[in-house]
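Beneath this line is the structure, given in structure tokens, with notes to follow.
To find a chain, count down the sequence lines: A is the first, B the second, and so on, and within it residues start at 1. Computed from heavy atoms alone, side chains included, the values below leave out hydrogens, waters and symmetry copies.
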Protein chains: 2
Amino acid sequence: MMPMGGIGVGLDDDSAALDTGAAVSAHEVLAVVLQIRHDRLSVLLWRRALPPCEGLWALPGGRLGGTEGLDESIRRQLAQKVDVRDLTHLEQLETRGEPDRHPRGRTLATAYLGLIPADIDPATPDDTEWHPASDLPAMGFDHAAIVHSARRRLRAKLSYTNVGFALAPPEFTMSELSRYYRAALGHDVAATNLRRVLLRRGQIEETGESVPSGRSGGRPAAVFRFRVRRMEITDAFAVLRPPSDT
Amino acid sequence: MMPMGGIGVGLDDDSAALDTGAAVSAHEVLAVVLQIRHDRLSVLLWRRALPPCEGLWALPGGRLGGTEGLDESIRRQLAQKVDVRDLTHLEQLETRGEPDRHPRGRTLATAYLGLIPADIDPATPDDTEWHPASDLPAMGFDHAAIVHSARRRLRAKLSYTNVGFALAPPEFTMSELSRYYRAALGHDVAATNLRRVLLRRGQIEETGESVPSGRSGGRPAAVFRFRVRRMEITDAFAVLRPPSDT
DNA sequence: GCAAAAGTGTTACAGATACACCCATGT
DNA sequence: ACATGGGTGTATCTGTAACACTTTTGC
């Protein structure tokens, strides 16, 4: 702690930065864009051609514009720089502000988690590539740590929200959906139980259609969709829930 | 979306802000400091004497110093300005960056959630006051919304982590603890079940001591403590948990 | 008919709430 | 003795995993 004068009674907050240097700093926004590709949870990364961190991989993003909000900025940057426009979900992850996190000087970074459904293949520039989230290449700055935050967040939210809608195509069979969950969670998910869990919670519903069975036979699969394609908490308070008052 | 040129293949991220104005902005850190006081979840607020938002209540905090990290900054400001040094828990909540959130010009704010145990009474300046979190006064900026984020975060984490340690004193009886939980959660928590839940999860343990019964008699209460006084997830994956592989 | 994939029924179990009952103390 | 608050035992409920079994298709 700094050995600074007494308590700042009545000070306005404009007076706080006097002794710790200017409060002006660059601010960037970054995105961990995740998609299930070939049954693996994958991140969109970008290879840096110039220093700092030349040759290493980095998260897409860039400087915050002077007149834009944070959400707005990351959406703009993803659309401009990696041509990603089809995010089904976007949420703020965390902000990192260690003074030495960027070799070029003080730069704060606000990171986002973005999700893309498995059925589309956005056209991305040559210097970007999808990497398995469980097997990251050498990354610059603190970006690898941010990717891990994003994975943890996604795993947790698959358990108590309906985020699944953001990973799956608009319509899907239960065995497809269970593959998406398996890829994102990193462990087996039985299609039969997943179906019941998500039905009970009202997350998914049958479309009435079904998909003809493949060349090897088998019963045709029913087609499902998520009822709501916007994040909702479907399983709040697994424990310490309020009394039933019945 | 902006009708901006093609995809930024190979652009370094220094080139992104060209058309959206300078990326320089003020950054402040704010804290929602919560404590259970008189059986109510309370927030420490500060009354603004000067414009903007003169006379309204605001969260403690201030400008980020030029050489400090975000966590470091909020700790410093709480110590200096409201003399709060005994935080048992501090975590980042969210960063707000709407261009118009501050009338004095572009200011980003990173908000923290800070907790103080119920047994201490930090000496705070005259212009600060504790307010019940469920009955906030008129607040400036977007601070009321931030307080609500903090309450939601705390409620959720009481359910699947051991954050209780940060609200309770080092030692406590189960009926005291259940009052803290009731205040934070906003609903009744039966001491008898809370005890079993927290014991099963290994969050708390008996000290062996007991507290003499009060003037009205009654069996003396056993004294407990949290085994770990650092946040841990104790109930991960209430659902969609990995196969038991037994 | 047989293999394959999807879907159903059922059981088992974990973890929580609700509640009746027992225990230890002060007056 | 009895009132008071703490602690234990137990029934019940909810939601999920596990798994055997049935259904529907292709070959």
Does A/S175 make a side-chain N or O approach to OP1 or OP2 of C/dA6 shorter than 4.0 Å?
yes
Between B/H27 and B/T110, do the side chains contain a donor N or O and an acceptor N or O under 3.5 Å apart?
yes
Compare the minimum distances between each of D/dA18, C/dC19, C/dT8 and the side chain of B/T192, then state the nucleotide with the smallest one.
C/dC19
Give the rounded distance in Å between these two atoms: CD of B/E206 and C1' of D/dT8.
12 Å
Spacing between A/H187 atom NE2 and D/dA17 atom P, to the nearest angstrom
9 Å
Measure CZ/A/R219 against P/C/dA6 and give the value in whole Å, please.
10 Å
Determine whether a donor-acceptor pair (N or O, by modelled atom type, separation under 3.5 Å) exists between the side chain of A/R153 and the backbone of A/Q92.
yes
For the pair made of CG in A/L194 and P in D/dG15, what is the distance, rounded to whole Å?
17 Å
A/Y160 atom OH is separated from D/dT16 atom P, nearest whole Å, by 16 Å
Could you tell me how far apart A/F172 (CZ) and C/dA6 (P) are, to the nearest whole angstrom?
14 Å
With no hydrogens and no angle check, do the side chains of A/Y112 and A/D71 hold a donor and an acceptor under 3.5 Å apart?
yes
Can you tell me if B/Q35 uses its side chain to pair, donor with acceptor, with the backbone of B/P117 under 3.5 Å?
yes
Is it true that A/E171 and A/T207 share a donor-acceptor pair across their side chains at a distance under 3.5 Å?
no
Does A/A222 reach a base, just sugar-phosphate, or nothing at all? Heavy atoms under 4.0 Å.
sugar-phosphate
Under 4.0 Å between a side-chain N/O of A/R195 and OP1 or OP2 of C/dG7, yes or no?
yes
Donor-acceptor pair (no angle test) under 3.5 Å: B/R201 side chain, C/dG15 base
no
In terms of the nearest nucleotide of DNA chain D, which residue is placed more toward the 5' end: B/E176 or B/R196?
B/E176
d(OH, B/Y181; P, C/dT17) in whole Å:
12 Å
Figure out the CE/P separation between B/M174 and D/dG7, and round it to whole Å.
8 Å
Testing D/dG15, C/dT17, C/dA6 for proximity to the side chain of A/A221, the answer is C/dA6
